[in-house]
Amino acid sequence: MCSVCESEFGESSLPCMFFFTRGLFTTVAPTCSSPSNQIKTFLSKGLYYHILQLFTQLHLSAHYSIPFLLPSVIRASSSAQCHAFATQLHCFALKTAYHSEAVVSNSIITMYAKFSDVESARQVFDTSSHRDPITWNSLINCYLQNGCFEEALEVLKDAYLHGLVPKPELLASVVSVCGRKIGSRRIGTQIHALVVVDERIGQSVFLSTAFLDFYFRCDDYLMALRVFDGMEVKNEVSWTAMISGCIANQDYDEAFPCFRAMQAEGVFPNRVTSIALLQACAEPGFFKHGKEIHGYAFRRGFESCSTFSSALINMYCHCGESLHLAELIFEGTCCRDVVLWSSVIGSYSRRGDSHKALELFNKMRSEETEPNYVTFLAVISACTNISSLKCGCGLHGHVFKCGFSFSISVGNALINMYAKCGCLDGSRKIFQEMWNRDSVTWSSLINAYGLHGCGKQALHLFYEMRERGVKPDAITILAVLSACNHAGLVAEGQQIFKQVNADCKIPLTIEHYACLVDLLGRSGKLEDALEILKIMPMKPSARVWSSLVSACKLHGRLDIAEMLAPHLIRSEPNNAGNYTLLNMIYAEHGHWLDREQVKKAMKLQRLMKCYGFSRIEAGDESF
DNA sequence: TCTCCAGTCC
């Protein structure tokens, strides 16, 4: 048996004879058959130098097979991440002039694309004498894979002008990027127009699905529906794109009938369909569908996929009482990737079980899974919930060590964490050290100032933010109003509210109105607060009523409190706190009869006053 | 070749 290609039979071939006679393989018997078999064996054993030797010999003997063999070896070496060997193969092609064959240069372009060496790929394209449609495709794909969207479009345009008709598969990739890239809507629509006008391109289910997804991502629901209805053939991917589109638009009532229609048409939902549907099942009222999808996926064997497990766990975590199921699935998943860990840690953190979230983070590290920035967001949030500065500082250190100091989101989470842990200096320092900031960064520090009663500084920062051209959003406004509220800056808060309301650029929500009403009430401007109640475009929430009644208590305005009392009780009939508040107001003014009535009403509702208590924690977690 | 999972500020 030949020890190179391990074949049992075959006649002596030229290359093996050569190696044998030159003593390159003194232990090899010359019984190999074809060069391609030998290459396969060399590749599987990692004997790259021997492949180069073999190519040299084939070239010297003018063997015809090189233009056929070289591309497949280049492809194999790029799949195996052998950068150095792949570059040597390129050198070999240059030296032997095989690079002038389109099939060879195409494979070299694809190889450089895989190694993210866009410049080398471009150089090969520019110097190649024979370009076929695949050469153009390879370069466009190279740009797309490496995030160079503008360059990809330039080449696509060039190719079209050179008379090349782009393949639907290629256009599908381009359209897919258009949907994901902000500001590329026009290009996607132009490509759609081109496909409609130029009949040479032809229709394909891939391309139509890409357009369907594209229009959903552009929030053009009607166009998406037109594309979907116009599709002659629909496969599981097109149905999945339709279902995902409905879910992204929060149109859950449409997503499930679509899923039924898909099955009725005889199209089997795949793993991606199940994952997309699980997202919708996490919404209140759709949990029963989630169990159904779980059962279906179990039968189809999707459960072994970590992406699926992640979506499943997320769904069970969102459905409150099913956390034990989420835990069971998590324990039963053998391949836990960083997404799965982050998902579980995030779920515990959101539910307020911060200690469990931190414990899982430690477990994740002990299992040697590297956290990413989403993991840090989840675990920093957990630490913020328990206001543990010691734990937060430890996490900050980890963030630094793991190289996530440059992440804006992580920086924002740290600003919030330091503020909630009582360390305003920490928040300020993070803000100052951040290389890039977004509107959330500014909102976070404004909020931090507000929490610490530094209203003036919060306002100053808000003005600076606007001067620097960073657009505030609804949350920034809420943070500023809240800061004004904490610091008693009534005039400033009122002015900002008026400005934002007049601009109409930022939609004001019930929270903004509640904050303003609270601000006015606390400062004794109860009549102004009542005016706001009249003009607000939404129904006042229980929080608005209770903050106003509290303000009445603070400023001794029994008259207004009595007027508001029925609204307060109606907004939250089962909240004992509201009755207690009224009790106290009546008692303070000596209205004992009214007080008795409130007490009776409380009894009637079988409500008990909840007494405050301090919780003693077992101990701080160590990091 | 198109479709899918975790997320900071209130």
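Predicted, not measured: the structure shown is a model, and the values here were computed from it. The analysis underlying the following values was restricted to heavy atoms, covering all of them including side chains, and did not include hydrogens, waters or symmetry mates. Letters A, B, ... are given to chains in the order of the sequence lines, protein chains preceding strands, and every chain is numbered from 1.
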If the cut-off is 4.0 Å, is [X] near the phosphate of [N], judged by side-chain N/O to OP1 or OP2?
X       : N       : result
R543(A) : dC10(B) : no
R437(A) : dT8(B)  : no
S176(A) : dT3(B)  : yes

Roughly how many Å is it from [atom1] in [X] to [atom2] in [N], rounded to a whole number?
X       : N      : atom1 : atom2 : answer
M262(A) : dT3(B) : CE    : P     : 15 Å
D438(A) : dG7(B) : CG    : P     : 17 Å
I329(A) : dC5(B) : CD1   : C1'   : 14 Å

Original post:
Is there any ring pair (Phe, Tyr, Trp, His ring centres under 6.0 Å) pair reaching into residues 222-244 of chain A, and which pairs are they, with sequence neighbours excluded?
Top reply: F228(A)-W239(A)

Using the side-chain heavy atoms of [X], tell me which of these nucleotides is nearest: [options].
X       : options                 : answer
L377(A) : dT8(B), dC4(B), dC9(B)  : dT8(B)
R350(A) : dT3(B), dC9(B), dA6(B)  : dA6(B)
T209(A) : dC4(B), dC9(B), dC2(B)  : dC2(B)
L478(A) : dC2(B), dA6(B), dC10(B) : dC10(B)
I275(A) : dT8(B), dC4(B), dC9(B)  : dC4(B)
I475(A) : dC5(B), dC4(B), dC10(B) : dC10(B)
N447(A) : dC4(B), dC9(B), dG7(B)  : dC9(B)

Original post:
In residues 339-346 of chain A, which ones come under 4.0 Å of DNA chain B, going by heavy atoms?
Top reply: V339(A), S342(A), S343(A)

Subject >> Sub-4.0 Å heavy-atom contacts from residues 227-244 of chain A onto DNA chain B, ordered by number >> reply: V237(A), T240(A), S244(A)

Taking the basic N atoms (NZ, or NE/NH1/NH2) and the acidic carboxylate oxygens, is any pair closer than 4.0 Å for [X] and [Y]?
X       : Y       : value
R522(A) : D518(A) : yes
R336(A) : E367(A) : yes
R468(A) : E464(A) : yes
E292(A) : R260(A) : yes

Subject >> Any side-chain heavy-atom pair of Y449(A) and R428(A) under 4.5 Å >> reply: yes

**OP:** Examine K356(A) relative to Y348(A) and say whether NZ or CZ is less than 6.0 Å from the centre of the six-membered ring and inside a 45° cone about the ring axis.
**Re:** yes

**OP:** Examine W341(A) together with F361(A) and report whether their ring centres are nearer than 6.0 Å.
**Re:** no

**OP:** Just do the salt bridge (Lys or Arg N to Asp or Glu O under 4.0 Å) check on D425(A) and K429(A) with the steps written out, would you?
**Re:** CA-CA 6 Å; D425(A) 275 344; K429(A) 216 169 155 229; over 6 Å; no

